[in-house]
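Positions are given from 1 along the sequence. Counting convention: from 1, in listed order, for ligands and their atoms alike.
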Amino acid sequence: MSSHTASQRYLSTRGGSYDFSFEEVVLKGLASDGGLFIPEEIPSLPSDWASKWQHLSFQELAYEIFSLYISPAEIPASDLKDIIRRSYATFRSDDVTPTVTLDQDKNIHLLELFHGPTFAFKDVALQFLGNLFEYFLVRRNQGKAGRAREHLTVIGATSGDTGSAAIYGLRGKKDVSVFIMHPHGKVSAVQEAQMTTVLDANVHNLAVDGTFDDCQDFVKALFADPEINKTHRLAAVNSINWARILAQITYYFHSYFNLIRQTSFLPASTIRFVVPTGNFGDILAGYFAKRMGLPVEKLIIATNENDILHRFWQSGKYEKHPVYGKEAEGGLVEDGVKAHEGGVKETLSPAMDILVSSNFERLLWYLSYQVYSTSGDAVSQRRAQAGDHVRNWLNELKSKGGFGVDKQILEAAQKDFASYRVSDDEVLETIRSTFNAPTSKQYVLDPHSAIGIHAALRSAEVSKPPSTHHISLATAHPAKFSNAVERALPGDMGYFRDQVLPAEFRGLEDKPRRVSHVKKAEGWEGVRKVVIAEVELELQAADEANE
Ligand SMILES: Cc1ncc(COP(=O)(O)O)c(C=O)c1O
Ligand SMILES: N[C@@H](CCOP(=O)(O)O)C(=O)O
């Protein structure tokens, strides 16, 4: 236990109960039983939240929301406000995450989440997490020198956006080394350049032969490895880290209030958030907002052709078996289950080319708690039972490649969420039609945001009442994925270069880079070797600087 009074206790989705503070959960990332941390209680909103919060800035709203989860005994109010202020001072929009209306007749809006330093929604959480790590380390290292100082070894997996956002959130920070694994050759050219052109000594890029899921598995293997955990304090920047989810809750509230201020939306109207989904972290923050009391009718999961979540919402079966023609045929077969490489399809929305969505485990816990709880049982027993269910499902996923849930679990999931699967052709068509629509003023969508808009339009066709407002999350700037934009708008690339391409991206790809290559055969142990060696070099350099 830390010396700071815990805001609330955290549980592991796999049944463990931990007396950890917010600080410990943020620094640990993953529970030692392999589960993800979840807060014991989802706090309810204060009764006057709607009137009291409606005119708050993004930063003020973040403070109110975070304060429901973090007690001032853990982070004093003035310190939390300062962390929030510094985290969002790096954004190019004063509103941090503005909401714009794309189609007034159909009530389709876009929540623009790409105004941070790396032009992707990940900045909202990772600017905050970088400053949180720094805050905790400064506090822990007061009066300590040399090797007695606590050092964080941050390990992350990325399909392109988390990596650059984490690197920009942590570059140059004292007592932190950051190692980011990306699937070699499978991120966009701009994403790769964003990550590998950062040459700060504490930043390490690893290009791994394999898929994003392999990188994510390597992260989990390192967290479970007793050897590295004996000598290194590992920390997570992926959305397995609870602080990532917490930070993302703010923009659901902020957008709701923006909608009320900017449009004909009345608090009594119906609202749906549409979220392009891969690892299920972004939409899980929406689920927390809804459970806290934000009046959201449904959360819409929008997947690309890697549609494990969409298939689950249709069938109650969560299966990673490949269903994609040629790639599937080329896949490996283990116990009748085709392994990853064949299961992931490379699409025009590469950041969502994910087979297994890590945060889905958190939702499963809540569904299981809701459905299987017996009212007579003690709360601790009910929590443990939910953890047992999740552990069994996850074991089946590992051993058999999938699992199925009972009808009641599926129905509970369908109550809060609906899903759509969007193909590459539909992505291109949506970028094109949005650009050409008279109402949307040549708006250029990135392919991930186009997946959201396509799903929003389909949901709008069937929504009752027809006045339902859809807020679709624009998760990245189109310049990060110019390949898809170029295919959708071949005649308008001059416009794209002159009007859309940010100055920050011009010349980026020509800058010097640093990246190590991890070959397939080296596996996660190969990554461990690189991490241990490079952290030691950094620590030696710090020793020499202090002599
Ligand atoms: C641009 C973009 N859109 C959508 C997603 C999906 O978000 P999540 O993984 O939180 O579901 C990601 C990455 O995860 C992304 O980088
Ligand atoms: N799309 C992500 C994949 C990692 O997801 P995370 O939200 O769990 O960090 C990326 O761009 O890296």
Novice: Is the side chain of Thr13 donor-acceptor paired with the backbone N or O of Leu36 at a distance under 3.5 Å, no angle test?
Specialist: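 Yes; at least one donor-acceptor contact below 3.5 Å.
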
Novice: Only one of Trp365, Trp242, Tyr369 forms a side-chain contact (heavy atoms from CB on, under 4.5 Å) with Ile38, so which one is it?
Specialist: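 Of the listed options, the one satisfying the test is Trp365.
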
Novice: For the aromatic rings, using the six-membered ring if either is Trp, is the centroid distance between Phe417 and Tyr287 under 6.0 Å?
Specialist: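 For Phe417 and Tyr287, the ring centres are under 6.0 Å apart.
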
Novice: Can the ring centres of Phe121 and Tyr251 be said to be less than 6.0 Å apart?
Specialist: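 Aromatic pair excluded; centres sit 6.0 Å or further apart.
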
Novice: Run the salt bridge (Lys or Arg N to Asp or Glu O under 4.0 Å) test against Asp225 and tell me which residues pass, sequence neighbours left out.
Specialist: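 Residues passing salt bridge (Lys or Arg N to Asp or Glu O under 4.0 Å) with Asp225: Arg528.
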
Novice: To check you understand the geometry: which heavy-atom pair defines the closest contact between Pro98 and His115, and what is its length?
Specialist: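 Looking at all heavy atoms of both residues, the shortest contact is CD-CD2, 3.5 Å.
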
Novice: Restricting to side chain to side chain contact (heavy atoms under 4.5 Å, CB included), what partner residues turn up for His184, sequence neighbours left out?
Specialist: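 Testing His184 for side chain to side chain contact (heavy atoms under 4.5 Å, CB included), a comparison that skips the adjacent residues, returns Ala207, Asp209, His517.
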
Novice: Could you pull out every protein residue that has a heavy atom closer than 4.0 Å to ligand 2, ordered by chain and then number?
Specialist: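 Answer by chain and number: Lys122, Thr158, Ser159, Gly160, Asp161, Thr162, Phe212, Asn238, Ser239, Arg244, Asn279, Ala351, Ile354.
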
Novice: Checking Phe91 against Phe58 for the ring pair (Phe, Tyr, Trp, His ring centres under 6.0 Å) test, could you report, in this order, the C-alpha distance in whole Å, the side-chain angles of both residues, the deciding distance, and whether it holds?
Specialist: CA-CA 11 Å; Phe91 277 58; Phe58 181 95; 7.3 Å; no

Novice: Present, as a list of atom pairs with distances to 0.1 Å, all nitrogen or oxygen contacts under 3.5 Å between ligand 1 and the protein.
Specialist:
{"residue": "ligand 1", "atom": "3 (N)", "partner": "Thr475", "partner atom": "OG1", "Å": "2.8"}
{"residue": "ligand 1", "atom": "9 (O)", "partner": "Asn279", "partner atom": "N", "Å": "2.6"}
{"residue": "ligand 1", "atom": "10 (O)", "partner": "Gly281", "partner atom": "N", "Å": "3.2"}
{"residue": "ligand 1", "atom": "10 (O)", "partner": "Asp282", "partner atom": "N", "Å": "2.8"}
{"residue": "ligand 1", "atom": "11 (O)", "partner": "Gly278", "partner atom": "N", "Å": "2.7"}
{"residue": "ligand 1", "atom": "11 (O)", "partner": "Asn279", "partner atom": "N", "Å": "3.2"}
{"residue": "ligand 1", "atom": "11 (O)", "partner": "Phe280", "partner atom": "N", "Å": "3.0"}
{"residue": "ligand 1", "atom": "14 (O)", "partner": "Lys122", "partner atom": "NZ", "Å": "2.8"}
{"residue": "ligand 1", "atom": "16 (O)", "partner": "Asp161", "partner atom": "OD2", "Å": "2.7"}

Novice: Could you point out which residue of Asp282, Asp161, Thr162 forms a side chain to side chain donor-acceptor pair (under 3.5 Å) with Lys122?
Specialist: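 Between Lys122 and the candidates, side chain to side chain donor-acceptor pair (under 3.5 Å) is satisfied uniquely by Thr162.
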
